[in-house]
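Here the structure is laid out as structure tokens; the discussion comes afterwards.
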Amino acid sequence: MILSEAWNLYKADKQIQGYSPQTLKAYNVQLKLLIRHLGDLPLDEITTDSLKLYLGNVADQLKAASLSHRIRFI
């Protein structure tokens, strides 16, 4: 399963749990940023190191709260 397919399942699960549309919209933005950086990869090809590199590349461009939001999404 690729990232974008996993998002559809995740979103459906969170809608059932009562997450707000705004929260899901914010998470979708984070997904698009992640896909832009990594590509729409199969989940089993995403490594902890690739996620650390992604977060490290954007850390100096973001406020602490924005970086924390990306980390929570991941």
Side-chain angles (χ1 to χ4, degrees):
M1 176 180 306
I2 59 175
L3 272 172
S4 58
E5 292 170 342
W7 164 252
N8 292 328
L9 293 173
Y10 178 82
K11 180 181 175 189
D13 184 59
K14 296 308 170 191
Q15 286 172 317
I16 292 166
Q17 292 179 22
Y19 278 47
S20 76
Q22 283 303 105
T23 298
L24 294 173
K25 184 178 177 180
Y27 283 177
N28 191 32
V29 168
Q30 296 304 323
L31 172 74
K32 289 177 182 180
L33 293 169
L34 183 61
I35 289 174
R36 185 183 310 158
H37 182 81
L38 296 178
D40 200 6
L41 296 174
L43 296 178
D44 62 355
E45 291 183 21
I46 300 170
T47 65
T48 302
D49 288 341
S50 66
L51 294 174
K52 286 180 182 179
L53 288 170
Y54 165 65
L55 293 169
N57 286 338
V58 299
D60 61 345
Q61 303 165 18
L62 299 173
K63 293 181 180 180
S66 296
L67 181 60
S68 293
H69 183 73
R70 287 193 191 194
I71 291 168
R72 278 191 311 276
F73 166 73
I74 290 171

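- In terms of heavy-atom proximity, Y27 sits nearest to F73 at O-CE1, 3.4 Å.
- Taking CD of E45 as the start and CG of D40 as the end, the distance is 11.0 Å to the nearest 0.5 Å.
- Between atom CG of residue L38 and atom CD1 of residue I46 there is a gap of 6.0 Å, rounded to the nearest 0.5 Å.
- Checked by atom type and distance alone, the side chain of D13 never pairs as donor or acceptor with a backbone atom of L9 at under 3.5 Å.
- By the 6.0 Å contact criterion, NZ on K14 is enclosed, its count of non-hydrogen atoms from other residues, nucleotides or ligands being greater than 12.
- Going from atom OG of S50 over to atom NE2 of H37 covers 7.5 Å, rounded to the nearest 0.5 Å.
- Summarising the geometry, atom CG belonging to N28 is positioned 12.5 Å from atom OG1 belonging to T23; distances are rounded to the nearest 0.5 Å.
- A distance of 9.5 Å separates CD in Q22 from CG in L24, rounded to the nearest 0.5 Å.
- Note on Y10: it does not cluster hydrophobically with I16, by side-chain heavy-atom contacts below 4.5 Å among ILVMFWY residues.
- Residues Y54 and Q30 share a closest heavy-atom pair of OH-O, 4.5 Å.
- Taking hydrophobic clusters as Ile, Leu, Val, Met, Phe, Trp and Tyr residues chained together by side-chain heavy-atom distances below 4.5 Å, L33 shares a cluster with I35.
- Nearest heavy-atom pair across L67 and A59 is CD2-CB, 3.9 Å.
- A donor-acceptor pair under 3.5 Å is formed between the side chain of E5 and the backbone N or O of I2.
- T47 OG1 to L53 CG: the interatomic distance, rounded to the nearest 0.5 Å, is 7.5 Å.
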